[in-house]
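Just so it is clear: chains get the letters A, B, ... in the order the sequence lines come, proteins before strands, and each one is counted from 1.
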Protein chains: 2
Amino acid sequence: MAYKEKEIEKLYYSIGEVAEIFNVAPSLIRFWESEFELIQPKKNRKGNRQFTVEDINNVRTIYHLVKEKGFTLQGAKEMLKNDTQSVKDKMEMIDSLKRIRQFLSEVRDKLH
Amino acid sequence: MAYKEKEIEKLYYSIGEVAEIFNVAPSLIRFWESEFELIQPKKNRKGNRQFTVEDINNVRTIYHLVKEKGFTLQGAKEMLKNDTQSVKDKMEMIDSLKRIRQFLSEVRDKLH
DNA sequence: GCTACGCATGGCCTACAAAGAAAAAGAAAT
DNA sequence: ATTTCTTTTTCTTTGTAGGCCATGCGTAGC
């Protein structure tokens, strides 16, 4: 063959393939699907899950939070809900600083 | 008394006091002590735990990771292993801002 | 045969809570 | 002040609810 066959990116992946990618049991993927809104693969007429690459990336996100970073499922949900806790923490800080500045300028005005 | 008595910062706090600060059961503090090297209060001759302010701040770090951010204990341990300083820095910032806000609202009340 | 499905049930740790004993701290009476 | 009784606080050890999946069953398409 003259040309090396190009890797074809499949449209859909089965649950078994996805499970293998992350080296977990298919039941775990189904369980996560029941727990996380983020994971919602299409199903064909028969009911089989069809994972797109994006679906798989969503699974990857869950996997990363739960298996690599060590969040509880609840903690991972919060993380996803709030864009990430650290963002939230930073916003709280900024908000706090704004209020402080506001307050201090009021004080300055009263001192005059 | 002519002078307002200064708040005395205790040298040692009992496990009950520490538990109350975080609104958890004393048994949980003991359990965390058994799990995290970070928490190692001194014990007196009788075996009672004596928490310094620093010990309490270490408990606060655990509390933050486990109860607020949603890490598993294992996840929290990893976090502490790799990233102790930045966790502590952020917590100090948040704590510092809280104190400042508290102080400023006292100032505001006195101005009225 | 292989892989998928849903559903139910099973099971192992994690993350604590409760139990039980002993000491300390009040409180009441002497 | 001291004795006695009660309540609170601590300790260590043991128990346990629930979180996090895994396994098994019956079924169906390829």
Side-chain angles (χ1 to χ4, degrees), chain A residues 10-53 55-56 58-81 85, chain B residues 10-52 55-56 58-81:
Chain A
K10 284 201 284 190
L11 263 180
Y12 296 121
Y13 295 80
S14 73
I15 192 169
E17 290 171 321
V18 175
E20 195 171 353
I21 289 173
F22 299 104
N23 198 30
V24 299
S27 64
L28 179 54
I29 304 292
R30 290 195 200 98
F31 177 67
W32 281 353
E33 178 187 333
S34 76
E35 289 289 313
F36 293 93
E37 294 179 6
L38 185 61
I39 302 182
Q40 281 180 335
K42 264 180 57 179
K43 294 188 180 184
N44 64 15
R45 207 173 300 104
K46 205 200 132 209
N48 287 23
R49 290 164 179 79
Q50 300 179 303
F51 290 80
T52 65
V53 170
D55 287 327
I56 292 176
N58 289 337
V59 174
R60 193 186 312 284
T61 299
I62 306 297
Y63 184 87
H64 180 245
L65 290 176
V66 172
K67 295 297 188 185
E68 294 177 343
K69 295 210 82 172
F71 281 94
T72 63
L73 297 195
Q74 193 53 45
K77 286 175 197 173
E78 290 296 321
M79 196 77 178
L80 293 170
K81 194 188 300 175
Q85 186 66 30
Chain B
K10 284 201 282 189
L11 262 181
Y12 296 120
Y13 294 79
S14 73
I15 192 168
E17 291 171 320
V18 175
E20 195 170 354
I21 289 173
F22 299 103
N23 199 31
V24 300
S27 62
L28 179 54
I29 304 291
R30 292 192 201 95
F31 176 68
W32 282 352
E33 176 188 333
S34 75
E35 289 289 314
F36 292 94
E37 293 179 7
L38 185 62
I39 301 181
Q40 281 179 335
K42 266 181 54 180
K43 293 187 178 184
N44 64 15
R45 204 171 305 102
K46 254 208 64 216
N48 287 21
R49 291 163 177 79
Q50 300 178 302
F51 291 81
T52 65
D55 287 327
I56 293 176
N58 289 337
V59 174
R60 193 186 313 281
T61 300
I62 306 296
Y63 184 89
H64 177 65
L65 291 175
V66 173
K67 294 298 188 184
E68 295 178 340
K69 296 206 80 175
F71 281 95
T72 63
L73 297 196
Q74 194 52 47
K77 286 175 196 171
E78 290 297 321
M79 197 75 184
L80 290 171
K81 198 184 297 176

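- Remark: C1' of D/dT12 and CD1 of B/Ile15 are 12 Å apart, rounded to the nearest angstrom.
- Nucleotide D/dA28 holds its P atom 14 Å from the CG atom of A/Asn48, rounded to whole Å.
- Side-chain nitrogen and oxygen atoms of B/Trp32 include at least one within less than 4.0 Å of the OP1 or OP2 phosphate oxygen of C/dC16.
- B/Arg30 comes within 4.0 angstrom of a nucleotide base, judged by non-hydrogen atoms across all strands.
- When the nucleotides C/dA4, C/dA24, C/dC16 are ranked by their closest atom to the side chain of A/Ser14, C/dA4 comes out on top.
- A/Glu17 places a side-chain N or O within 3.5 Å of a backbone atom of A/Ser14 that can act as its donor or acceptor partner.
- Side-chain contact check for B/Leu28 versus B/Lys67: some heavy-atom pair is nearer than 4.5 Å.
- Atom OH of B/Tyr63 and atom C1' of C/dC16 are 14 Å apart (whole Å).
- Using a 4.5 Å cut-off on side-chain heavy atoms (C-beta onward), A/Leu73 and A/Trp32 make contact.
- For C/dT3, neither phosphate oxygen OP1 nor OP2 lies less than 4.0 angstrom from any side-chain nitrogen or oxygen of A/Arg49.
- At a threshold of 4.0 angstrom between heavy atoms, the contacts of A/Val24 with the nucleic acid are absent.
- In this structure, the CZ atom of A/Phe36 is 11 Å from the C1' atom of D/dC20, given to the nearest Å.
- The CD-P distance, from B/Gln50 to C/dA24, rounds to 13 Å in whole Å.
- If you measure from atom CD1 of B/Ile29 to atom C1' of C/dA17, you get 14 Å, rounded to the nearest angstrom.
- When distances are taken from the side chain of A/Leu28 to each of D/dT10, D/dA22, C/dA15, the shortest belongs to D/dA22.
- Listed nucleotides: D/dG29, D/dC20, D/dT23. Nearest to the side chain of A/Ser27: D/dT23.
- With no hydrogens or angles considered, no side-chain donor-acceptor pair links A/Asn58 and A/Thr61 at under 3.5 Å.
- Nucleotide D/dA22 holds its P atom 10 Å from the CZ atom of A/Phe31, rounded to whole Å.
- For A/Lys43 and D/dG29, the NZ to C1' distance is 16 Å, given to the nearest whole Å.
- Each of B/Phe36, B/Phe71, B/Phe22 was evaluated against B/Tyr63; a single residue qualifies, B/Phe22, per the ring-ring contact (aromatic ring centres under 6.0 Å, His included) test.
- Comparing B/Lys67 and A/Lys46 by the nucleotide of DNA chain C that holds the closest heavy atom to each, the one mapping nearer the 5' end is A/Lys46.
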